[in-house]
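The next block holds one structure in the form of structure tokens; read it before the comments.
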2 protein chains.
Amino acid sequence: MAKSSKENSPITDHLAYLLAQANREINRQLELRLSKEGVPVEQWRILKVLSDGNGHSMGELADAVLLNHPTLTKMIDRMVSDTLVYRVQDPNDRRKVLMFISDRGKVLSKKLNSLAVDQEEHILESYGDKSTSELKRLLESLIDSSN
Amino acid sequence: MAKSSKENSPITDHLAYLLAQANREINRQLELRLSKEGVPVEQWRILKVLSDGNGHSMGELADAVLLNHPTLTKMIDRMVSDTLVYRVQDPNDRRKVLMFISDRGKVLSKKLNSLAVDQEEHILESYGDKSTSELKRLLESLIDSSN
DNA sequence: TTGAAAATATTGAATATTCAACAATTGAAG
DNA sequence: CTTCAATTGTTGAATATTCAATATTTTCAA
């Protein structure tokens with residue numbers, strides 16, 4: 001009798017593990033670059049999302065930057081102290097808070113973006129154009145299929 | 001004059017972001033399943049790695065399960081309390097500690113594996129056989145190219 | 001053989017995250 | 001209208017993680 005094929009498979013066969021491993025590595029590299037500006041990856045994400053100039057509610061922002069609400073609240077507190085972003089109460093729904101990027105935030109955001117783009121280019125070089133775009137495509141479709 | 005093509009790209013264009021997003025989602029699903037046994041994803045990884053029956057040093061284990069050393073030490077402390085694993089000093093190099101899985105750990109590991117395999121199968125169904133294996137292949141090669 | 005440097009694991013303090021409870025506002029049913 | 005449930009964001013306590021320092025053992029050059 002043959003066992004179920006996956007029962008004793010090494011952990012490296014699991015998609016969940018490969019994703020965690022790849023994410024950890026790429027994130028570590030990005031972190032290293034952003035540390036030049038002393039900013040964690042999450043703040044890069046926040047500034048990038050807000051840099052469309054529009055107001056974004058906390059809930060919307062939490063989804064976009066992959067943070068839980070309380071974690072986001074506290075990170076935004078720090079960024080407000082650093083005058084990178086500011087809160088405005090939503091006049092249409094006073095439960096909501098709209099977040100905006102400040103001028104200082106925009107300046108920092110540009111620097112961070114160029115560091116992030118550096119990384120993307122570095123990946124393109126070592127990993128290849130074809131693989132990168134194919135991987136992005138597959139990741140997007142995995143995310144889609146998970147909703 | 002045209003701007004560098006990536007300068008204002010949405011965050012969803014970045015590989016680092018897509019990886020984080022996909023990882024978050026898949027990890028969340030796995031977490032949900034493993035919560036049936038009240039076990040965090042990291043403990044599943046630890047038990048899975050140790051279930052080859054061999055002794056693994058803390059450093060080796062930390063790499064394999066994607067945890068920093070101090071985090072692993074503290075998680076192992078908890079698992080030792082739960083008698084899922086145990087420490088043995090490496091006789092060949094007394095700086096090292098070898099971790100082993102206990103009988104109780106093996107029993108739990110089997111249950112966890114089947115939950116994890118359930119998830120893999122669920123992904124295969126909704127995402128497809130072809131996409132899944134291609135994604136795994138690309139992730140492995142990304143990890144390789146990052147070392 | 002000795003002594004300095006490297007490797008390994010742990011600890012404690014500082015920091016960050018999460019969980020559950022809360023406050024405020026809106027929506028919607030009666 | 002009024003009231004009750006749902007939505008949104010924040011807070012404080014509990015938990016977890018990280019950073020820097022430490023202790024122990026091994027390695028290796030002199």
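Reminder, nothing fancy here: chain letters follow the sequence lines and each chain counts from 1. Given the structure is predicted, the values throughout are model-derived calculations rather than measurements.
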Enumerate the protein-to-nucleotides 17-22 of chain C contacts in which both atoms are nitrogen or oxygen and the separation is below 3.5 Å.
residue: C:dT18; atom: OP2; partner: A:Asn68; partner atom: ND2; Å: 2.9
residue: C:dT18; atom: OP2; partner: A:Thr71; partner atom: OG1; Å: 2.9
residue: C:dT18; atom: O4; partner: A:Lys74; partner atom: NZ; Å: 2.4

Item to check | Whole angstrom value for the distance that separates P of D:dG9 from CG of A:Asp63 | outcome: 10 Å
Next on the checklist: So, taking the atom named OG in A:Ser145 and the one named CD in B:Glu125, what distance separates them when rounded to the nearest 0.5 Å?
Outcome noted: 11.5 Å
Checklist entry - Nearest 0.5 Å, what's the CE-CG distance between A:Met99 and A:Leu47? => result 10.0 Å
Checklist outcome for this item: B:Gln89 atom CD is separated from D:dT25 atom P, nearest whole Å, by 7 Å
Checklist entry - To the nearest 0.5 Å, how far apart are CG in A:Leu139 and CD in B:Gln21? => result 9.0 Å
Checklist entry - Rounded to whole angstrom units, what separation is found between the CE atom of A:Met79 and the P atom of D:dT10? => result 14 Å
Next on the checklist: Between B:Glu25 and B:Gln29, do the side chains contain a donor N or O and an acceptor N or O under 3.5 Å apart?
Outcome noted: yes
Item to check | Rounded distance in Å - CG (A:Leu72) to P (D:dG9) | outcome: 9 Å
Item to check | Residue A:Lys96, side-chain heavy atoms: nucleotide from C:dT10, D:dG9, C:dA24 that is nearest | outcome: D:dG9
Next on the checklist: Is there, by distance only and without an angle test, a donor paired with an acceptor across the side chain of A:Arg95 and the base of D:dT7 below 3.5 Å?
Outcome noted: yes
Next on the checklist: What is the distance, to the nearest angstrom, from the CG atom on A:Leu98 to the P atom on D:dT10?
Outcome noted: 11 Å
Next on the checklist: Tell me whether B:Glu140 is salt-bridged to B:Arg137, with the criterion being a basic N under 4.0 Å from an acidic carboxylate O.
Outcome noted: no
Item to check | Test item: A:Arg33 and A:His122 side chains (from C-beta on) under 4.5 Å apart, heavy atoms | outcome: yes
Checklist entry - Whole Å only: how far is the NE2 atom of A:His56 from the C1' atom of D:dG9? => result 17 Å
Checklist entry - Taking atom P of D:dG12 as reference, at what distance in whole Å does atom CG of A:Asp77 sit? => result 11 Å
Next on the checklist: Whether A:Ser57 contacts D:dG9 is assessed here as follows: a side-chain N or O lying under 4.0 Å from the phosphate OP1 or OP2. Is that the case?
Outcome noted: yes
Item to check | Length of the line joining B:Asp93:CG and D:dC28:P, which is rounded to integer Å | outcome: 12 Å
Checklist entry - How close do B:Ala22 and A:Leu142 get, heavy atom to heavy atom, and via which atoms? => result CB-CD2, 4.3 Å
Item to check | Five-pair end axes of the helix from C:dT1-D:dA30 to C:dG30-D:dC1 and the angle they enclose, rounded to 10° | outcome: 20°
Checklist outcome for this item: Grouping ILVMFWY residues whenever side-chain heavy atoms fall under 4.5 Å, the cluster of B:Tyr86 otherwise contains B:Val88, B:Leu98, B:Phe100
Item to check | Salt bridge flag under 4.0 Å for residues B:Glu120 and B:Lys136 | outcome: yes
